[in-house]
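Structure first, then comments.
A quick note: this is a predicted structure, and the numbers were derived from the prediction, not measured.
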Amino acid sequence: MKKIKIIEAGNELGLGGTEYTIQLISKFLNKENFEVTVLGIKEGGARVKLIQDLGINVVVLNGDLTRFAALLQGADVFHWHGDGSLNPAVFNIVKANKPKLVLMTNVFGVYDHSEFYDLIDYDLFISKMILVRRMYADRYLKDNFASKRKVLPYPVDVKHINSFLPSVNQVKAFKRKNNLQDFFIVGRIGRVDNAKFDLITLDGFAEFAKKVSNARFLLVGATTEILLHAKSLDISDKLIVFDTTPDLDKLMWYYGAIDVFLAASKIGESFGMVIAEAMAAGVPVVTISTPDRDNAQIELVDNGQTGFVVERNKNKIANVLAFLYEDEKIREILGESAKRKVAKDYRADKIVRSLELLIYNHLNIPIEPREKSLILDYSQGMVNDYINRCSDLWEPEIRSES
């Protein structure tokens, strides 16, 4: 078959989750069938070289859209990655030079109430929660676009993560080097952004640390606000702070040192890439439910199976940390279950094969699917599952005295 020319495009090519997804999709697209170009509309960034090192062509327009039309005219597929809004300056050009297929990976579930939304053949939401919320908001529209709105989660490069996971002995050596060998380590890894860190995280840890003297908090992505809050709680001496880094090898050392990953974002998660990475590394995850904000973290973490989901309450966070501290076997079971879930539902090669199948079907290219597609259509079952997850929160067992 003739190669399908596809453009994977976003506003920039920095180190964020959207840009990482562009990198992973570009990496895993079958190069026998696809000719891939990665496009940064506004600017480049640190991922330009990372993507080029994969042997993939990268074009950075730096806001100069005069070259954009020519790129589109030679493409079969245009795949836009963004928050759901459609910049008229960009999509007027897409309208005038529309390829055979236009896809959008919709990170935050925005619906652009404009003519440009008609250009989108498939609107791919990165979590079921984001799609459920979007469909609820649009329930009174004459057309709620159910036929083209689907779920395709972010890809997780499980094989790459596994290749960097340190051994038990290597983790012990890392802990000795950093004087961590005698501590129970709760951790959070993320970017330096106050919006991505809920201070209730430290409140709950502080309560837990009152009862567990060897508790420590490993923090990657500290801000001044976070450090000041830790000081106000008198737990600064219990923090282990490392600089944020895109280096997966280094990050795996941090994941390996953590006994429990505590994930609580002030704005919630539209997917939760660092949670998925922690799960892929076999770390049990505790997260909070944020039903009034983005809440895809409760979709990643199955309460009681791959981790625990708790109410946003410092005492309940402290209680679940204490429960996990006391039971190493439970931590192991949750960590192994988490690894299996990520490999089953979010593995990058599977996600990208599902995307390929959607493209083949739309372009009427006969390809025998090797496995079931991970793309999901909107359904009432999806709604019911999310509602159930919102109410399925961890509570300590009440043991009756005999």
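Counting heavy atoms from C-beta on, the side chains of L355 and L124 come closer than 4.5 Å. By the 4.5 Å heavy-atom criterion applied to side chains, N57 and V36 are not counted as neighbours. Within the 4.5 Å cutoff, the side chain of L15 has no heavy atoms near those of the Y20 side chain.
Residues in residues 28-45 take part in no salt bridge (Lys or Arg N to Asp or Glu O under 4.0 Å) pair, two or more places apart or across chains. Residue pairs meeting the salt bridge (Lys or Arg N to Asp or Glu O under 4.0 Å) criterion with at least one member in residues 110-136, sequence neighbours excluded: K95-E115, K98-D121, K128-D385, R133-D294, R134-D138. For the salt bridge (Lys or Arg N to Asp or Glu O under 4.0 Å) condition, the pairs that include at least one residue of residues 53-65, sequence neighbours left out, are K49-D53. The salt bridge (Lys or Arg N to Asp or Glu O under 4.0 Å) analysis of residues 260-275, with sequence neighbours excluded, yields the pairs K196-E269, E225-K266.
E299 places a side-chain N or O within 3.5 Å of a backbone atom of M129 that can act as its donor or acceptor partner. No donor-acceptor distance shorter than 3.5 angstrom exists from the side chain of E336 to the backbone of I333, with no hydrogens or angles considered. No side-chain donor-acceptor contact under 3.5 Å links R188 to the backbone of A263. Between the side chain of N87 and the backbone N or O of A89, at least one donor-acceptor pair lies under 3.5 Å. Between the S354 side chain and the L374 main chain, a donor and an acceptor come within less than 3.5 Å of each other. Formation of a donor-acceptor pair under 3.5 Å by the K341 side chain with backbone atoms of T306 is not found in this model. A donor-acceptor distance shorter than 3.5 angstrom exists from the side chain of R389 to the backbone of I298, with no hydrogens or angles considered.
Nearest heavy atoms, A264 versus I200: CB-CG2, 4.4 Å. The shortest heavy-atom contact between V156 and A276 is CG2-CB, 3.7 Å. Nearest heavy atom pair, residue T245 against residue L251, reads O-CD1, 3.6 Å. Residues V38 and S26 approach most closely at CG2-OG, 3.1 Å, considering heavy atoms. Closest heavy-atom contact between I235 and L202: CD1-O, 4.1 Å. The minimum heavy-atom distance linking V309 with I288 is given by the pair CG1-C, 4.4 Å.
Under the 30°/60° scheme for interplanar angles, the aromatic rings of F323 and F308 are found to stand perpendicular. Using cut-offs of 30° and 60° on the angle between ring planes, the pair F174 and Y254 is tilted. In this structure, F208 and Y325 have perpendicular ring planes: the angle between them is above 60°, well past the 30° mark.
Under a cut-off of 6.0 angstrom, the local environment of CG in D292 is crowded, with over 12 non-hydrogen atoms contributed by other residues, nucleotides or ligands. Remark: D234 CG is loosely packed, at most 12 non-hydrogen atoms of other residues, nucleotides or ligands lying under 6.0 Å away. Within 6.0 Å of NZ in K148 there are more than 12 heavy atoms belonging to other residues, nucleotides or ligands.
For the residue pair Q297 and N295, a side-chain donor N or O sits within less than 3.5 Å of a side-chain acceptor on the partner. For the residue pair Q181 and R176, no side-chain donor N or O sits within less than 3.5 Å of a side-chain acceptor on the partner. Checking Y111 against N106 by side-chain atom types alone, no donor-acceptor pair falls below 3.5 Å. Counting only N and O atoms by type, the side chains of E277 and Y255 include a donor and acceptor under 3.5 Å apart. Between the side chains of T223 and D193, no donor-acceptor pair is found at a separation under 3.5 Å.
Note that CG of N92 is 11.0 Å distant from CZ of F68, once rounded to the nearest 0.5 Å. Here CD1 of I240 is found 9.0 Å from NZ of K175. Values are rounded to the nearest 0.5 Å. Rounding to the nearest 0.5 Å places CD1 of I258 at 8.5 Å from CZ of F217. How far CD1 of I22 is from CD1 of I51: 7.0 Å, rounded to the nearest 0.5 Å. For the atom pair D349 CG and R347 CZ, the distance stands at 4.0 Å (nearest 0.5 Å). Atom-to-atom distance recorded for S232:OG and D203:CG is 7.5 Å, nearest 0.5 angstrom.
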* Asked: Could you go step by step and tell me if I130 and F271 meet the side-chain contact (heavy atoms from CB on, under 4.5 Å) rule?
  -> CA-CA 9 Å; I130 290 285; F271 177 75; over 6 Å; no
* Asked: Can you check side-chain contact (heavy atoms from CB on, under 4.5 Å) on L218 and L239, steps first, answer last?
  -> CA-CA 6 Å; L218 190 154; L239 294 190; over 6 Å; no
* To do: Show your reasoning for whether salt bridge (Lys or Arg N to Asp or Glu O under 4.0 Å) applies to R353 and E371.
  => CA-CA 9 Å; R353 281 201 294 271; E371 56 195 49; 2.9 Å; yes
* I365 and I4: CA distance, side-chain angles, deciding distance, side-chain contact (heavy atoms from CB on, under 4.5 Å) verdict -> CA-CA 10 Å; I365 297 172; I4 299 166; 3.6 Å; yes
* **side-chain contact (heavy atoms from CB on, under 4.5 Å) between L199 and T201, worked out** => CA-CA 5 Å; L199 295 176; T201 307; over 6 Å; no
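Taking the six-membered ring for Trp, H113 and Y117 have ring centres at least 6.0 Å apart. Taking the centre of each ring, F34 and Y360 come in below the 6.0 Å mark. Checked against a 6.0 Å centroid threshold, the rings of Y154 and Y346 do not count as neighbours.
Within the cation-pi definition used here (under 6.0 Å to the ring centroid, within 45° of the axis), R149 does not qualify as a partner of F145. A cation-pi contact links R216 to F183, judged by a cut-off of 6.0 Å to the six-membered ring centre and 45° from its axis.
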Show me the donor-acceptor pairs, under 3.5 Å and distance only, between side chains in residues 73-82 and residues at least two apart or in other chains.
{"residue": "Q73", "atom": "NE2", "partner": "N97", "partner atom": "OD1", "Å": "2.8"}
{"residue": "D76", "atom": "OD1", "partner": "K100", "partner atom": "NZ", "Å": "3.4"}
{"residue": "D76", "atom": "OD2", "partner": "K5", "partner atom": "N", "Å": "2.8"}
{"residue": "H79", "atom": "ND1", "partner": "E8", "partner atom": "OE1", "Å": "3.0"}
{"residue": "H79", "atom": "ND1", "partner": "E8", "partner atom": "OE2", "Å": "3.0"}
{"residue": "H79", "atom": "NE2", "partner": "T105", "partner atom": "OG1", "Å": "2.7"}
{"residue": "H81", "atom": "NE2", "partner": "E8", "partner atom": "OE1", "Å": "2.7"}

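Salt bridge annotation for D157-K27: present, with a cationic side-chain nitrogen under 4.0 angstrom from a carboxylate oxygen.
Every residue two or more places apart in sequence or in another chain that forms a salt bridge (Lys or Arg N to Asp or Glu O under 4.0 Å) with E395 is listed here: K316.
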